[in-house]
Protein chains: 2
Amino acid sequence: MAAGSVREDAGTAARILDVAEELVQVRGFNGFSYADVSAQVGITKAALHYHFAGKADLGLALISRYADRFASELAKLDAGHATPAARLAGYTGLYLHVVRRQRMCLCGMLAAEYQTLPDPMREAVTSFFDANESWLEKVLEEGRQEGTLHFPRTPRDTARVVIACLEGAMLVARPYGDPDRFQTMATSLLAGLTRE
Amino acid sequence: MAAGSVREDAGTAARILDVAEELVQVRGFNGFSYADVSAQVGITKAALHYHFAGKADLGLALISRYADRFASELAKLDAGHATPAARLAGYTGLYLHVVRRQRMCLCGMLAAEYQTLPDPMREAVTSFFDANESWLEKVLEEGRQEGTLHFPRTPRDTARVVIACLEGAMLVARPYGDPDRFQTMATSLLAGLTRE
DNA sequence: GTCTATAACGAGATAGAC
DNA sequence: GTCTATCTCGTTATAGAC
């Protein structure tokens with residue numbers, strides 16, 4: 001990364017995002033400080049401000065990266081799995097991966113703290129949920145046409161229910177620190193869609 | 001409230017709890033301060049410390065009162081509604097009432113912030129969910145025996161799914177500030193139990 | 001039971017040297 | 001790009017008067 005590099009040092013910025021992401025997913029956006037991040041990254045608070053001017057900027061970058069990564073995971077699911085049911089199972093697998101690392105969905109956490117967030121972060125959070133909804137809606141629609149997925153409401157309403165159940169399962173599983181608690185709930189949800 | 005009153009002034013303590021409860025439900029436990037409470041109640045921070053020595057004490061009192069109130073609502077549902085399905089509908093109505101006031105379930109909010117809570121508050125949060133689970137399990141069991149409620153898993157697992165879906169529906173409806181978004185999801189959930 | 005005053009600390013943020 | 005040093009403000013909490 002030498003000549004012509006317009007970007008700041010991507011290595012440090014990425015490490016900052018990694019640390020901050022975990023902090024938000026575990027403690028919430030109002031539950032961590034620049035001091036926490038700088039200590040874990042191994043730089044000073046001042047250096048942190050060089051990469052992300054304010055906490056709101058850091059928060060926004062966090063959501064953007066998280067949403068991008070999620071979108072690319074969804075694209076992988078579209079590419080790798082033939083059937084809608086398999087894509088749906090893959091989708092719940094993404095959540096399980098988060099739960100196994102003792103974390104809450106970044107945007108689920110931020111949804112709880114929504115009223116305290118600056119406007120740019122708010123918009124990014126709703127965009128994340130909207131994107132999830134659109135992807136799920138498509139999968140559900142296709143599964144219904146194939147006759148492999150069954151649900152009484154519209155694909156859009158059902159997509160919202162799926163997101164709510166998975167986010168809620170993460171939320172209430174947190175106090176018990178038990179991934180199995182989440183998995184059992186996720187399995188029940190899928191069972192309801194595949195053979196109702 | 002004159003002679004023999006061993007209790008502190010219940011009026012002020014209750015007003016403090018009312019204000020703090022809303023603040024936690026809207027902004028989270030890490031999103032409000034004693035200054036916020038004292039300003040809204042109309043007393044100083046020092047007076048607040050007289051009633052609740054520390055923020056952890058206030059938080060614990062908050063959960064206890066919330067859980068007691070919830071338990072009494074559940075008792076009312078048991079007394080007032082003959083059928084399990086009606087009790088279940090009443091249960092989702094309790095959540096809807098919270099959503100309509102633009103709030104998150106107190107314990108749902110605290111579940112998100114769980115890792116930052118002092119131990120006594122943590123235990124109170126899990127107790128709340130355990131109590132909900134037990135009540136729902138009983139209702140589901142009864143509905144199954146009557147033949148009015150239908151679900152593939154155990155009553156206990158299904159109770160957990162119901163709680164997760166309702167808490168999650170509150171959570172993801174928050175960014176949109178739209179009670180209808182919650183209601184549609186809750187209706188779908190109930191529909192799945194009453195005629196599967 | 002409520003107040004004023006203040007302590008003690010941590011938060012987000014900035015200036016300017018290297 | 002990172003540092004030291006500092007600022008300002010908000011936070012929880014306490015001491016002691018009324």
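Values below: all heavy atoms of this structure, side chains included; hydrogens, waters and symmetry mates excluded. Sequence lines set the chain letters: A, B, ... in the order given, protein chains first and strands last, and positions in each chain run from 1.
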Does the side-chain hydrogen bond (donor to acceptor under 3.5 Å, both in side chains) test come out yes or no for A:Thr116 and A:Asn30, once each step is laid out? CA-CA 8 Å; A:Thr116 70; A:Asn30 297 322; 2.9 Å; yes

Is B:Thr12 near enough to C:dT2 that one of its side-chain N or O atoms lies under 4.0 angstrom from OP1 or OP2? yes

Minimum heavy-atom separation for B:Arg174 and A:Tyr114, please, with both atom names. O-CD2, 4.4 Å

Under 3.5 Å, side chain of A:Arg103 to main-chain N/O of A:Gln25, donor-acceptor pair present? no

I'd like to know if the side chain of B:Asp57 and the backbone of B:Gly54 have a donor-acceptor N/O pair within less than 3.5 Å. yes

Taking 4.0 Å as the cut-off, does a side-chain nitrogen or oxygen of B:Thr44 come that near to OP1 or OP2 on C:dC3? yes

In this structure, how many angstroms lie between the C1' atom of D:dA13 and the NE2 atom of B:His51, rounded? 16 Å

What protein N or O atoms touch nucleotides 10-12 of chain D N or O atoms at under 3.5 angstrom, if any, and at what distances?
| residue | atom | partner | partner atom | Å |
| --- | --- | --- | --- | --- |
| D:dT12 | OP1 | B:Lys55 | NZ | 3.2 |
| D:dT12 | OP2 | B:Tyr34 | N | 2.9 |

Going by disulfide bond (SG atoms under 2.5 Å apart), name the residues that satisfy it together with B:Cys105, two or more places apart in sequence or in a different chain. none

Under the ring pair (Phe, Tyr, Trp, His ring centres under 6.0 Å) definition, can you give me all pairs with a residue in residues 147-188 of chain B, not counting sequence neighbours? none

For the pair made of OH in B:Tyr50 and P in D:dA17, what is the distance, rounded to whole Å? 18 Å

